[in-house]
2 protein chains.
Amino acid sequence: MRCAITEFQQEQKKRMRSVQDAMDALNGKWKIAIISSICCYGKRRFSDILNDVEGVSNRMLSKELKELELNQLVTRTVLATQPITVEYELTEHGNTLQTIISELSGWGIVHRKKITGK
Amino acid sequence: MRCAITEFQQEQKKRMRSVQDAMDALNGKWKIAIISSICCYGKRRFSDILNDVEGVSNRMLSKELKELELNQLVTRTVLATQPITVEYELTEHGNTLQTIISELSGWGIVHRKKITGK
DNA sequence: TTACTTAGTTACACCGATGTTACTGTTATT
DNA sequence: AATAACAGTAACATCGGTGTAACTAAGTAA
């Protein structure tokens with residue numbers, strides 16, 4: 001019986017770890033907004049995202065995009081325009097986030113109603 | 001056409017807000033682990049959760065539980081035992097998080113494989 | 001009488017995430 | 001010659017989330 005409990009707790013730990021992995025990838029004040037911006041347009045330039053995501057600074061945008069790239073959620077492509085422009089696009093893996101984001105959005109709406117009544 | 005874009009952007013903003021509402025409710029280093037602990041056992045006492053959630057301090061546990069209670073995700077019941085014990089339980093609303101958490105866990109597993117290869 | 005348990009609270013410190021401002025380098029425009 | 005656009009980078013300040021340690025209060029056991 002003790003063995004069963006331990007096994008159960010280990011399953012639990014794995015679950016926790018994987019949830020944490022997901023949350024880590026999404027962590028950062030602007031990540032989800034950035035992903036949504038790119039997602040909506042397919043491809044999106046740095047300055048476009050800067051406009052889309054209300055309140056973000058170029059510093060933070062640059063930082064968050066780098067992290068998203070590290071996590072293989074977006075790709076970065078430099079275009080030989082003048083002046084140079086940079087296009088960001090969701091990877092296939094990044095696109096799988098859409099389900100999660102939709103679920104979060106749906107739950108968020110219900111939650112807001114619960115809490116504020118609106 | 002300009003009108004259409006504005007409408008679209010407003011939809012986008014609403015989506016962002018509701019995702020943020022959801023994230024806010026889940027934010028905090030220990031919240032998901034705490035929810036999982038309570039969820040697994042149905043009801044769970046303060047000191048039990050303290051043991052379940054590896055690394056959490058009583059200060060943080062108390063704080064996070066308060067926030068979860070404010071967000072109507074858990075209920076707090078004082079039992080007239082000696083010494084007093086306190087039982088925490090997920091609300092119906094709190095239980096609706098299970099879907100989200102499962103999705104996050106599932107995505108996290110895939111994501112970890114992508115990044116680390118394991 | 002002292003120590004222990006439960007469920008917290010209080011005071012203090014720290015660090016990392018974020019914000020602000022200014023700057024780079026290249027090219028085109030005025 | 002000076003300015004603007006693009007995609008950032010660098011230096012500095014700040015603030016909130018988190019950690020640590022000690023403490024409370026009531027009752028029980030040694």
Side-chain angles (χ1 to χ4, degrees), chain A residues 16-17 19-35 37-38 41-71 73-90, chain B residues 16-17 19-35 37-38 41-71 73-90:
Chain A
M16 286 300 89
R17 197 189 62 172
V19 173
Q20 203 49 59
D21 288 341
M23 295 296 273
D24 287 349
L26 297 179
N27 223 0
K29 190 168 173 182
W30 310 99
K31 288 229 173 56
I32 294 182
I34 292 168
I35 290 169
S37 162
I38 300 173
Y41 295 95
K43 296 176 181 180
R44 205 72 177 144
R45 289 181 315 141
F46 187 86
S47 54
D48 291 331
I49 305 173
L50 201 56
N51 283 325
D52 292 343
V53 179
E54 185 165 282
V56 75
S57 68
N58 53 356
R59 185 180 109 86
M60 285 307 294
L61 180 54
S62 172
K63 193 194 155 213
E64 303 270 61
L65 281 169
K66 264 185 198 163
E67 291 172 10
L68 291 173
E69 212 189 336
L70 273 177
N71 277 316
L73 300 173
V74 307
T75 56
R76 178 178 178 277
T77 312
V78 180
L79 304 181
T81 54
Q82 269 322 324
I84 279 171
T85 52
V86 178
E87 248 178 28
Y88 291 90
E89 194 171 357
L90 287 192
Chain B
M16 285 301 88
R17 198 189 60 172
V19 173
Q20 202 49 60
D21 288 341
M23 295 296 273
D24 287 350
L26 297 180
N27 224 359
K29 189 167 174 183
W30 310 100
K31 288 226 173 60
I32 294 182
I34 292 168
I35 289 169
S37 162
I38 299 173
Y41 295 95
K43 294 175 182 183
R44 205 70 176 145
R45 289 181 316 142
F46 186 87
S47 53
D48 291 329
I49 304 172
L50 202 55
N51 283 325
D52 293 341
V53 179
E54 186 165 282
V56 74
S57 67
N58 53 355
R59 182 180 110 87
M60 284 309 294
L61 180 54
S62 172
K63 193 194 154 212
E64 301 269 62
L65 281 169
K66 264 185 198 164
E67 290 172 11
L68 290 173
E69 212 190 337
L70 272 178
N71 277 317
L73 300 173
V74 307
T75 56
R76 178 179 178 277
T77 314
V78 180
L79 303 181
T81 54
Q82 269 322 324
I84 279 173
T85 52
V86 179
E87 247 177 27
Y88 290 90
E89 195 171 357
L90 286 191

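Remember, predicted model here, so these are calculated numbers, not experimental data. Letters A, B, ... are given to chains in the order of the sequence lines, protein chains preceding strands, and every chain is numbered from 1.
Of all nucleotides listed (D:dA7, D:dT9, D:dA5), D:dA5 comes nearest to the side chain of A:Pro83. The side chain of A:Arg59 has D:dA10 as its nearest neighbour among D:dA10, D:dT18, D:dG8. Listed nucleotides: D:dC6, C:dG19, D:dG8. Nearest to the side chain of A:Thr85: D:dC6. Listed nucleotides: C:dG19, D:dT9, C:dT9. Nearest to the side chain of B:Asn58: C:dT9.
A:Lys29 has its NZ atom 19 Å from the P atom of C:dG16, to the nearest Å. Between A:Met60 atom CE and D:dT9 atom P there is a gap of 13 Å when expressed in whole angstrom units. Atom NZ of A:Lys66 and atom P of D:dT9 are 4 Å apart (whole Å). Between the CD atom of A:Glu54 and the P atom of C:dG19 there is a distance of 13 Å, given to the nearest Å. Between A:Gln82 atom CD and C:dT29 atom P the separation is 10 Å, expressed in whole Å. Taking atom CG of A:Leu50 as the reference point, atom P of D:dG8 lies 11 Å away to the nearest angstrom. Between the C1' atom of D:dG17 and the NZ atom of B:Lys63 lies a distance of 6 Å, rounded to the nearest Å. For the pair B:Asn27 CG and D:dG17 P, the computed distance is 9 Å after rounding to whole Å.
Across B:Ser37 and B:Asp52, no two heavy atoms sit closer than the pair OG-OD2, 2.6 Å.
Remark: A:Leu79 CG is packed, more than 12 non-hydrogen atoms of other residues, nucleotides or ligands lying under 6.0 Å away. Other residues, nucleotides and ligands place more than 12 heavy atoms under 6.0 Å from the CG atom of B:Leu70.
Inspection of the B:Asn71 and B:Glu67 side chains reveals no N or O donor paired with an N or O acceptor under 3.5 Å.
Salt-bridge annotation for A:Lys31 and A:Glu64: present, with a side-chain N of the basic residue lying under 4.0 Å from a carboxylate O of the acidic one.
Among the atoms of the strands shown, base atoms are found under 4.0 Å from some heavy atom of B:Ser57.
Contact check, A:Ser47 against D:dA7: a side-chain N or O comes under 4.0 Å of OP1 or OP2. The phosphate of C:dT9 (OP1 or OP2) has a side-chain N or O of B:Ser62 nearer than 4.0 angstrom. Within the 4.0 Å cut-off from OP1 or OP2 of D:dG8, at least one side-chain nitrogen or oxygen of A:Arg76 is found.
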